[in-house]
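Inspection log for the structure reproduced underneath, given as structure tokens.
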Amino acid sequence: DQQVKQNSPSLSVQEGRISILNCDYTNSMFDYFLWYKKYPAEGPTFLISISSIKDKNEDGRFTVFLNKSAKHLSLHIVPSQPGDSAVYFCAASLSFGNEKLTFGTGTRLTIIP
Amino acid sequence: DAGVTQSPTHLIKTRGQQVTLRCSPISGHKSVSWYQQVLGQGPQFIFQYYEKEERGRGNFPDRFSARQFPNYSSELNVNALLLGDSALYLCASSGGAGGYTFGSGTRLTVV
């Protein structure tokens, strides 16, 4: 039972354009959401997070949007850069500080120069 | 500052053998979690330890066990290895402020 879903296995975006990665979840008890970026042979690196009491959180080029009623979140990267090419994972937990994270299957983002 | 360190980086074991993976958290972090990432999937939660106590366990068989030491480092043990245990095993540490830092993982291959 996949509680966190990333339905796009891959995405290609032109350098300088906006990258939008999507994530859906089924468990309405999830309260805290995170995005991680993973390069080959490295562990996931934390990018940005959002609590369920917010609908948007911004950090530099990265913005996460949360639509609780639709159980959907998205990560926007503007402008996209070649170094953004990686696998992006969406993760959810039952509360801030709860370290049992449920991950999606990931989206491979390729930035085309 | 050293990040989360895991050892070994790569390991090859035979079916039926036992394996021990090690993790040192970021200095000052008292919580360690273990994840299994099978190729093509996202990481799956195995265990969380905080102050040497098990705080959470994922849906894994009893062949998987872990412990945390007084210096907050941790070991993950897997007994009676199966081919399906081949995966990247990730350790994450947390200082409790909602940030989880992952190590680079141990790539386990069971043949």
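In what follows, chains are A, B, ... by sequence order, proteins preceding strands, each numbered from 1.
Contacts between residues 101-113 of chain A and chain B, counted as heavy-atom pairs separated by less than 4.5 Å, involve A/L101, A/F103, A/G104, A/T105. Near-neighbour residues of residues 9-20 of chain B relative to chain A, defined by a heavy atom under 4.5 Å from a heavy atom of that chain, are none. Of residues 103-111 of chain B, those residues with a non-hydrogen atom less than 4.5 Å from any non-hydrogen atom of chain A are, in numerical order, B/G103, B/S104. Within residues 44-74 of chain B, the residues that have a heavy atom under 4.5 Å from a heavy atom of chain A are B/F45, B/Q48, listed by number.
Annotation for A/F89 and B/Q41: closest pair CE2-O, 4.0 Å, computed over non-hydrogen atoms. When all heavy atoms of B/L90 and A/G43 are compared, the closest pair comes out as CD2-CA, 4.0 Å.
Interface remark: A/A41 contributes backbone atoms only to the contact with chain B (heavy atom separation under 4.5 Å).
Under a hydrophobic-cluster definition in which Ile, Leu, Val, Met, Phe, Trp and Tyr are linked whenever side-chain heavy atoms come within less than 4.5 Å, directly or via other members, A/L11 and A/I48 are assigned to the same cluster. With hydrophobic clusters built from ILVMFWY side chains whose heavy atoms lie under 4.5 angstrom apart, B/L39 does not share a cluster with B/L88. By the criterion of side-chain heavy atoms lying less than 4.5 angstrom apart, applied directly or through intervening Ile, Leu, Val, Met, Phe, Trp or Tyr residues, A/F33 is grouped together with A/F62 in one hydrophobic cluster. A chain of hydrophobic side-chain contacts below 4.5 Å, direct or via other Ile, Leu, Val, Met, Phe, Trp or Tyr residues, connects A/I50 to A/L94. Tracing side-chain contacts under 4.5 Å through hydrophobic residues (I, L, V, M, F, W, Y), one never reaches A/Y39 starting from A/Y36; they form parts of separate clusters.
How far NZ of A/K100 is from OH of B/Y100: 13.0 Å, rounded to the nearest 0.5 Å.
Taking a 6.0 Å sphere around CZ of A/R61, one finds it holds more than 12 heavy atoms contributed by other residues, nucleotides or ligands.
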